[in-house]
J.: 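Following this message is one structure expressed as structure tokens.
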2 protein chains.
Amino acid sequence: MTPVPASRPARERLLDAAGGLFYESGIAATGVDAILARAGVSPATMYAHFAGKDGLVAAYLQQRHEAWQRTWDEVLAERDDPVERLLSVFDAVTRFRERGGNRRGCGFLAAATELPPGHPGRPWLDADSQLLTGRLRDLAVTAGAGDPDDLAATLLLLYDGALSRYARGATTPGLPGGDPLARARRLAREQVLAALGQS
Amino acid sequence: MTPVPASRPARERLLDAAGGLFYESGIAATGVDAILARAGVSPATMYAHFAGKDGLVAAYLQQRHEAWQRTWDEVLAERDDPVERLLSVFDAVTRFRERGGNRRGCGFLAAATELPPGHPGRPWLDADSQLLTGRLRDLAVTAGAGDPDDLAATLLLLYDGALSRYARGATTPGLPGGDPLARARRLAREQVLAALGQS
DNA sequence: GTCTATAAAGCGATAGAC
DNA sequence: GTCTATCGCTTTATAGAC
């Protein structure tokens with residue numbers, strides 16, 4: 001008979017604070033105290049909402065995964081041409097980064113580096129990989145690529161290359177060679193056209 | 001008048017232990033205790049050789065940077081053809097990984113993600129970036145590329161893509177699309193030939 | 001140069017009141 | 001559901017003997 005669950009504010013503030021700090025300073029380097037201070041929440045409240053720091057990390061990755069997927073869905077809904085739909089992953093990540101004010105690299109790549117094998121956040125990293133490989137493959141099939149898995153793997157390589165360049169360049173502000181994502185998209189377009197042309 | 005400094009064993013054992021643990025478990029997640037236990041060294045001895053954990057991290061990165069540069073030098077000494085010399089970075093990293101028994105991604109990429117802005121190890125990450133961009137550019141010039149900086153940036157993108165794929169795949173054992181480094185080399189070869197052909 | 005023992009701080013997590 | 005106060009462990013780092 002509860003009218004509305006409605007217990008939002010503290011949990012959301014915690015996720016916001018944790019998300020910012022995890023992304024900015026790294027997961028292992030971010031203490032629970034810092035998250036609590038930024039969120040303006042007491043320790044007991046946090047442990048009422050999440051199963052410890054690991055649970056908060058997992059929730060952060062889930063939230064980020066879902067936001068990323070929504071952004072990609074959004075961009076896909078704006079594209080009709082099969083080639084443009086294949087390249088949409090680059091436009092989507094550009095939009096995702098603009099929204100989040102992302103200055104560093106990919107949050108999932110960083111988490112993949114930091115989290116130990118059995119961590120409860122790992123499944124969301126796998127979900128991210130699955131989304132990328134699966135969706136790129138499907139789009140390649142629809143576009144009529146001769147070897148969809150091969151084309152998807154190539155696009156994924158370029159995607160990873162651009163994002164890891166951001167991670168390295170966080171220190172050295174002046175990225176040489178212009179925007180890595182723009183370069184990756186250009187190369188991806190070449191590869192897509194070549195793969196469709198000779199199929 | 002000291003005949004030989006010769007104070008090696010403890011310091012080297014510490015670097016070996018730290019290198020293995022930092023690479024395997026991450027820098028922030030690796031405690032000093034674990035390093036001391038693996039090296040069989042007491043805390044006081046470590047602090048006599050290094051300025052704290054940060055100093056040890058910096059020394060680890062310096063050692064890794066120098067080993068990587070030596071490996072690349074070695075491979076370059078075996079190549080005469082300008083195109084092969086440009087692609088040598090992919091062969092060198094393959095050899096480097098075989099030697100170190102590397103299963104995870106790039107140690108420098110991981111460190112770039114983990115280390116805060118003012119960390120004493122940062123200069124070695126910059127040195128690594130400098131080595132890659134500078135040397136690739138020089139090789140592109142020698143090969144006669146019309147836009148050496150552009151070609152170098154493209155090769156770097158592919159290089160980063162392959163290495164970050166390893167980082168993500170550490171969890172998911174079955175990497176789709178075959179070996180990322182082989183794929184990156186193949187794409188790089190295409191780009192090099194195209195860049196030299198139309199110059 | 002290397003050890004044993006310990007200090008000092010930070011961390012994740014919990015108890016109990018409201 | 002949220003707070004204040006605190007526990008207990010781990011971590012980095014140092015003191016002092018050999």
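Both backbone and side-chain heavy atoms feed into the values below; hydrogens, waters and symmetry mates do not. In what follows, chains are A, B, ... by sequence order, proteins preceding strands, each numbered from 1.
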J.: Can you tell me how the ring of A/F96 sits relative to the ring of A/W68, calling it parallel under 30°, perpendicular over 60° and tilted otherwise?
T.: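 A/F96 and A/W68: perpendicular rings.
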J.: Take the angle between the ring planes of A/W124 and A/H65 and call it parallel below 30°, perpendicular above 60°, tilted in between.
T.: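 Tilted.
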J.: Answer with yes or no whether the side chains of B/S129 and A/R168 bring together a donor and an acceptor at under 3.5 Å.
T.: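 No pair is found: no donor N or O on one side chain lies under 3.5 Å from an acceptor on the other.
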J.: Which ones in residues 21-35 of chain A lie close to DNA chain D, meaning a heavy atom under 4.0 Å from one of its atoms?
T.: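 Nucleic-acid contacts, sorted: none.
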J.: Look at the side chain of B/V41 and decide which nucleotide, out of D/dA13, C/dC3, D/dC3, has an atom nearest to it.
T.: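 Selected nucleotide: C/dC3.
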J.: Roughly, in whole Å, what's the span from CG in B/L36 to C1' in D/dT14?
T.: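 The answer, rounded to whole Å, is 13 Å.
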J.: Please tell me if the side chains of A/R165 and A/L181 come closer than 4.5 Å, counting only heavy atoms from C-beta onward.
T.: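 Side chain of A/R165 against side chain of A/L181, heavy atoms only: no contact under 4.5 Å found.
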J.: Among residues 50-59 of chain B, which contact DNA chain D at a heavy-atom distance under 4.0 Å?
T.: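 B/G52, B/K53, in order of number.
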J.: Expressed in angstrom and rounded to an integer, what is the separation of B/Y47 atom OH from C/dA7 atom P?
T.: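 Checked: the OH to P distance equals 17 Å.
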J.: Which pairs pass side-chain hydrogen bond (donor to acceptor under 3.5 Å, both in side chains) with one or both residues in residues 23-42 of chain B, sequence neighbours excluded?
T.: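 side-chain hydrogen bond (donor to acceptor under 3.5 Å, both in side chains) check on residues 23-42 of chain B returns B/S42-B/T45.
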J.: Just how far, in rounded Å, is C1' of C/dC3 from CG of B/L14?
T.: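 Whole-Å distance recorded here is 14 Å.
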J.: I want to check something: taking the side chain as every heavy atom from C-beta on, are B/V32 and B/L56 in contact at a cut-off of under 4.5 Å?
T.: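 In short, these two side chains do not touch, never coming nearer than 4.5 Å.
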J.: Could you tell me the separation between the NE2 atom of A/H49 and the P atom of C/dT14, rounded to a whole number of Å?
T.: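 It works out to 16 Å between those atoms.
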J.: Can you confirm if the NZ or CZ of A/R64 lies within 45° of the ring axis of A/F22 and under 6.0 Å from the centre of its six-membered ring?
T.: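 No cation-pi geometry.
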J.: When the distance from CE of B/M46 to P of D/dA13 is rounded to whole Å, what number comes out?
T.: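 Taking atom P of D/dA13 as the reference, CE of B/M46 is at 7 Å.
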J.: Will you find, in the side chains of A/R85 and A/T142, an N or O donor that is under 3.5 Å from an N or O acceptor?
T.: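 Short answer, no.
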J.: Counting only side-chain N and O atoms of B/S42, is one of them less than 4.0 Å from OP1 or OP2 of C/dC3?
T.: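 Yes, B/S42 has a side-chain N/O under 4.0 Å of OP1/OP2 on C/dC3.
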J.: Rounded to the nearest 0.5 Å, what separates atom CD in B/E84 from atom CG in B/D91?
T.: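 The CD atom of B/E84 sits 7.0 Å away from the CG atom of B/D91.
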J.: Which nucleotide, D/dG16, C/dA15, D/dA5, lies nearest any side-chain atom of B/A44?
T.: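 Selected nucleotide (nearest to the side chain): D/dG16.
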J.: Return no unless some side-chain N or O of A/T45 is found under 4.0 Å from OP1 or OP2 of D/dG1.
T.: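 For D/dG1, OP1/OP2 do not have a side-chain N/O of A/T45 under 4.0 Å.
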